[in-house]
Amino acid sequence: MSQIAPNSAEEPKPKRLGGRPKKEPGEKLRSVTTHVSLARYEELEAGAAAVRQPLSQFVRPLVEAGVKARKRPVLQLTIAQDGYLRQLAGMANNLNQLSKRAHQSGFAAVAQEVEAQAATLDRLLDYFAGVV
């Protein structure tokens, strides 16, 4: 009256379905290792720091662009820098108005205002030259 155990070769065990589902082939990310000169590495690090991104996130669009024109990541501005940009845009409007007034009433009438605008514009451009 002993029972004979079924032969395991005849009936395979059912596959366990636990764990994380497998990704589709298109969803998988692959690692790429490359070597660059110290100067290029420092340039990439500086670029990533300038836009406040990790190095890998900074480099990814550059690699994906391939042979296309080099795309630079968008600079993430601070609130103060955003204010400076608005000020710069306002100055462009002011200079257009001064130009119109200079053509209507003569350049001597607006010379002082143009000099003041030029000095402020010079200061803002120097600031952004140091940031970017």
Side-chain angles (χ1 to χ4, degrees):
M1 310 253 176
S2 68
Q3 289 185 336
I4 300 175
N7 190 347
S8 61
E10 293 173 12
E11 295 180 29
K13 291 183 178 180
K15 190 171 183 179
R16 295 184 183 187
L17 297 176
R20 186 185 186 287
K22 291 189 176 187
K23 287 186 175 184
E24 296 295 321
E27 295 177 332
K28 291 182 180 181
L29 295 178
R30 303 296 285 185
S31 233
V32 176
T33 303
T34 185
H35 297 276
V36 294
S37 68
L38 180 60
R40 178 67 62 174
Y41 182 78
E42 289 172 350
E43 178 186 334
L44 291 171
E45 268 191 332
V51 292
R52 295 182 201 93
Q53 292 179 345
L55 185 59
S56 61
Q57 188 176 351
F58 178 78
V59 171
R60 189 173 295 119
L62 300 176
V63 170
E64 288 174 353
V67 294
K68 297 178 187 175
R70 184 175 176 184
K71 295 189 321 186
R72 295 218 44 186
V74 177
L75 179 64
Q76 297 173 355
L77 299 176
T78 64
I79 294 171
Q81 291 169 342
D82 195 37
Y84 284 137
L85 276 181
R86 275 197 221 99
Q87 187 178 356
L88 194 59
M91 288 181 64
N93 290 335
N94 291 347
L95 285 173
N96 284 337
Q97 292 170 2
L98 286 173
S99 172
K100 181 179 178 181
R101 208 166 7 138
H103 286 288
Q104 289 173 345
S105 61
F107 291 99
V110 294
Q112 265 187 331
E113 291 178 64
V114 169
E115 286 178 12
Q117 289 287 328
T120 307
L121 181 63
D122 205 23
R123 181 180 52 83
L124 283 172
L125 289 177
D126 285 342
Y127 169 77
F128 276 108
V131 170
V132 178

Atom pair [atom1] ([X]) and [atom2] ([Y]), whose distance is rounded to the nearest 0.5 Å:
X	Y	atom1	atom2	value
Gln81	Leu88	CD	CG	12.5 Å
Gln87	Arg123	CD	CZ	5.5 Å
Arg40	Thr34	CZ	OG1	11.0 Å

Quiz item: Is it true that Tyr41 and Leu62 fall in one hydrophobic cluster, defined by side-chain heavy atoms closer than 4.5 Å?
Solution: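 Tyr41 and Leu62: one cluster.
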
Quiz item: Should Val59 and Val32 be regarded as members of a common hydrophobic cluster, given that ILVMFWY residues are connected when their side-chain heavy atoms come within less than 4.5 Å of each other, either directly or indirectly?
Solution: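 No: no chain of side-chain contacts under 4.5 Å links Val59 to Val32.
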
Show the nearest heavy-atom pair for residues [X] and [Y], with the distance to one decimal.
X	Y	value
Val110	Leu98	CG2-O, 4.1 Å
Val51	Phe58	CG2-CD1, 3.8 Å
Lys23	Lys28	O-CE, 3.9 Å
Leu121	Met91	N-CE, 3.2 Å
Phe107	Ala102	CD2-CB, 3.5 Å

Exercise. Using the side chain to side chain contact (heavy atoms under 4.5 Å, CB included) rule, take Val36 and Glu43 through it: C-alpha gap first, then chi angles, then the decisive distance, then the call.
Key: CA-CA 10 Å; Val36 294; Glu43 178 186 334; over 6 Å; no

Quiz item: Are any side-chain N or O atoms of Glu27 and backbone N or O atoms of Glu24, one a donor and one an acceptor, separated by less than 3.5 Å?
Solution: yes

Quiz item: Is the CD atom of Gln112 crowded by more than 12 outside heavy atoms at less than 6.0 Å?
Solution: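 Not buried by this count: 12 neighbours or fewer within 6.0 Å.
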
